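Every number for a ligand or one of its atoms is a count from 1 in the order of the listing. Note: hydrogens, waters and symmetry copies are ignored here, and every other heavy atom, side chains too, is used. What you see is a predicted model, and the numbers here were worked out from it, not measured in a lab.
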Amino acid sequence: MNNRIKVELCKRGPIKRIGVVGMGYVGIPSAMLFADSKAYDFVWGFQRDSPLSGYKIETLNRGECPLKGKEPGLDNLIKKVVQLGKFKCTSDFSKIADVDAVTLAIQTPFLNPRDLEPDYSALTEGLRSVGRNISEGTLVVLESTITPGTTNGLARQILEQESGMKAGEDFALAHAPERVMVGRLLQNLREHDRIVGGFDDASTERAIELYSKILTKGKTIPMSAMAAEVTKTAENTLRDLQIAAVNELALYCEAMGINVYDVRAGIDSLKGEGITRAVLYPGAGVGGHCLTKDTYHLERGVKISDMRLDYPTDKDSLFVLARYINDFMPDHMYNLTVQGMERVHKTLCGSKVALLGWAFLKDSDDARNTPSERYRNLLLNAGARVEVHDPYVAHYPSVMISHDLEEVVKGADVVAIFTGHGDYSNIEPAAIKKISGHPHPIIVDGRNVIDPEEFIKAGYVYKGIGRGDKNAHQLN
Ligand code: SAJ
């Protein structure tokens with residue numbers, strides 16, 4: 001370990017003042033927990049004064065939370081630390097000179113997943129602002145989900161260029177990926193174990209000092225920065241893979257005329273013997289901003305790594321194939337819809353489809369990368385009229401979203417369930433059929449929320465993902 005960084009950290013003493021760059025759904029709760037800790041004297045929240053997000057500065061300094069949705073405990077915590085004078089939000093990045101540790105929690109979306117090029121523009125801007133203002137002995141921590149190799153590569157280069165200092169000698173550098181879920185941000189930050197990956201051992205130790213003070217149940221898990229980057233991207237890649245596995249199984253069960261949920265229960269029964277198979281749930285697709293991109297971060301990481309990957313260059317990885325399977329599920333929903341219409345000798349052109357569910361997650365208003373959009377586009381291309389219902393999502397660019405289920409179902413030839421919102425498990429067959437005005441409406445269940453028999457008895461054409469046992473039923 002380089003002694004110089006140890007001397008610099010020793011000269012600086014324990015971390016007392018912290019900066020958090022990026023007042024988003026990760027940065028805000030992090031900053032509040034640091035500010036609430038008795039171990040720390042003061043926290044600066046750094047936010048660009050941009051047209052889209054600049055409002056957060058004033059909102060936070062009034063002691064209010066700019067985040068949408070319910071986050072237990074966050075409103076009160078913001079009010080408390082602001083009143084105590086332990087937190088202040090600013091767009092003046094020169095205040096970074098005033099802190100002992102600075103974390104960056106900035107979004108890293110992909111411009112286009114297929115080309116594996118992440119959009120690092122916001123992260124790069126943040127790194128430049130940090131690099132220009134850090135001094136000897138400062139700890140810099142990246143919390144964003146990044147391509148493996150970014151901390152030791154791009155981030156280190158920018159910080160060294162802007163500061164004129166050296167990572168691992170003059171300043172400490174680490175990656176501590178966020179693992180929070182909307183709706184339980186503070187709880188996750190306090191209770192989840194925190195992966196802490198340093199550029200070198202001294203950086204890892206300094207980052208452990210920073211995060212250990214805000215953990216209650218969770219503990220820190222030290223490793224290298226690269227290992228931390230791979231851990232974060234792989235944990236979502238493997239979840240996406242598990243979902244793809246059961247989606248593929250659902251397609252097989254449909255082709256073989258059996259119920260995927262019987263198979264799922266059968267496999268799950270082994271768990272008593274401690275022989276577990278993590279069989280997740282098949283569905284109409286995978287949305288959100290985690291699983292839809294983290295596989296491509298991992299893929300890019302291995303592609304740009306120094307060592308050569310021993311794998312056939314002309315074959316997609318298992319992980320990318322999993323992404324294709326999950327991205328195919330809205331197409332499969334479309335194919336089920338076409339098959340349903342053929343049962344009653346109709347075509348989609350000129351027909352009406354009621355699309356139930358725009359959020360990517362049940363009982364949520366989050367519609368980022370929703371699988372419903374692909375399905376809607378396929379229907380529009382086929383000449384169908386599409387009306388979208390969602391009880392939670394209020395707005396979405398260029399898509400009208402109604403909260404009036406009756407209005408959306410009126411005159412619909414097809415009712416397609418895309419999100420497993422609780423509201424949809426109570427839809428009543430006879431009532432919906434009456435509103436649709438058709439003798440044999442088609443119902444396509446993408447989330448296994450309705451009972452097939454109830455709708456088949458009521459005269460519907462039923463199609464369900466994984467329901468090979470019901471998809472060719474007799475028409476009543
Ligand atoms: N999905 C399925 N079948 C399943 C589970 C999910 O089709 O069995 C679909 C969902 O409908 C959704 C998508 O996958 O469209 C993603 O669902 P998700 O439950 O993974 O929710 P996310 O995308 O918010 O994932 C986040 C991740 N958390 C972080 O990155 C910090 C993920 O690591 C967590 O496992 C997940 O939350 C969680 O378990 O809540």
A.B. asks: Checking Arg264 against Tyr281: charged group under 6.0 Å from the ring centre and within 45 degrees of the axis?
C.D. replies: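 Flagged: Arg264 positioned over aromatic ring of Tyr281.
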A.B. asks: Parallel, tilted or perpendicular: which fits the ring planes of Tyr25 and His289, with parallel below 30° and perpendicular above 60°?
C.D. replies: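 Tyr25 and His289: perpendicular rings.
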A.B. asks: Applying salt bridge (charged side-chain N to carboxylate O under 4.0 Å, His left out) as the test, list every pair that has at least one member in residues 385-403; sequence neighbours left out.
C.D. replies: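 Qualifying pairs, neighbours excluded: Lys352-Glu387.
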A.B. asks: Got a sec, which residues hit side-chain hydrogen bond (donor to acceptor under 3.5 Å, both in side chains) with Glu254, two or more places apart in sequence or on another chain?
C.D. replies: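 By the side-chain hydrogen bond (donor to acceptor under 3.5 Å, both in side chains) rule, Glu254 matches His332.
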A.B. asks: List by chain and number: which residues place a heavy atom under 4.0 Å from ligand 1?
C.D. replies: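 Answer by chain and number: Glu178, Arg179, Val180, Met181, Arg184, Lys232, Asn236, Arg239, Ile243, Leu280, Tyr281, Gly285, Val286, Gly287, Cys290, Leu291, Phe360, Leu361, Arg447.
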A.B. asks: Tell me the ring pair (Phe, Tyr, Trp, His ring centres under 6.0 Å) pairs involving residues 225-264, sequence neighbours left out?
C.D. replies: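 Non-adjacent pairs meeting ring pair (Phe, Tyr, Trp, His ring centres under 6.0 Å): zero.
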A.B. asks: Just wondering, do Ile28 and Pro66 contact through their side chains at under 4.5 Å, heavy atoms?
C.D. replies: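 Of all side-chain heavy-atom pairs linking Ile28 with Pro66, at least one is under 4.5 Å.
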